[in-house]
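Below is one structure, written out as structure tokens; the observations come after it.
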Amino acid sequence: QAFDFLNTDLKELNSGFDVIISNPPYIVEEEKEVMTTSTLLFEPTIALFVRNDALEFYRRIAELALLQPSVVHIFTEVNEFKAKEVYALFVEKGFSD
């Protein structure tokens, strides 16, 4: 089976996919002090930090997936301090596993 890959911003994606693989920004400012120096020095700020809501991008991912007519698989990195909340968000939206 052939696959087409799309590298895009979640804010620009609307439909036409079966799988979402994402490493979204998920760190709030208060967590900055527990992060490793190497992460802070070598990762772009926009790739790491959200303004106020650590679940912002996970909500968008779930909303996008629910719009798809086909089965959607979601693979995403999560904030170690928010893993239970991310799991609960996806379960609440009807996802499992």
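Note that the structure is predicted; figures quoted are calculated from it, not measured. Values below: all heavy atoms of this structure, side chains included; hydrogens, waters and symmetry mates excluded.
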Over 12 foreign heavy atoms within 6.0 Å of CG, L41 = yes
With a 4.5 Å heavy-atom cut-off, do [X] and [Y] have their side chains touching?
X: I74; Y: F95; result: yes
X: D18; Y: Q68; result: no
X: H73; Y: I20; result: no
X: E31; Y: N79; result: yes
X: Y58; Y: F90; result: yes
X: F57; Y: S22; result: no
X: V91; Y: S96; result: no
X: V28; Y: V50; result: yes

Derivation and outcome, side-chain contact (heavy atoms from CB on, under 4.5 Å), residues V19 and F75 | CA-CA 8 Å; V19 177; F75 302 92; 3.9 Å; yes
From [atom1] ([X]) to [atom2] ([Y]), nearest 0.5 Å:
X: F17; Y: F5; atom1: CZ; atom2: CZ; answer: 14.5 Å
X: E43; Y: L48; atom1: CD; atom2: CG; answer: 5.5 Å
X: I61; Y: L66; atom1: CD1; atom2: CG; answer: 12.0 Å

Sub-3.5 Å donor-acceptor pair from the side chain of T76 to the main-chain atoms of N23, do we have one?
-> no
Which residue pairs pass the salt bridge (charged side-chain N to carboxylate O under 4.0 Å, His left out) test when at least one of the two sits in residues 58-84, sequence neighbours left out?
-> D53-R59
Minimum heavy-atom distance L55-E85, with the two atoms named = CD1-CB, 3.9 Å
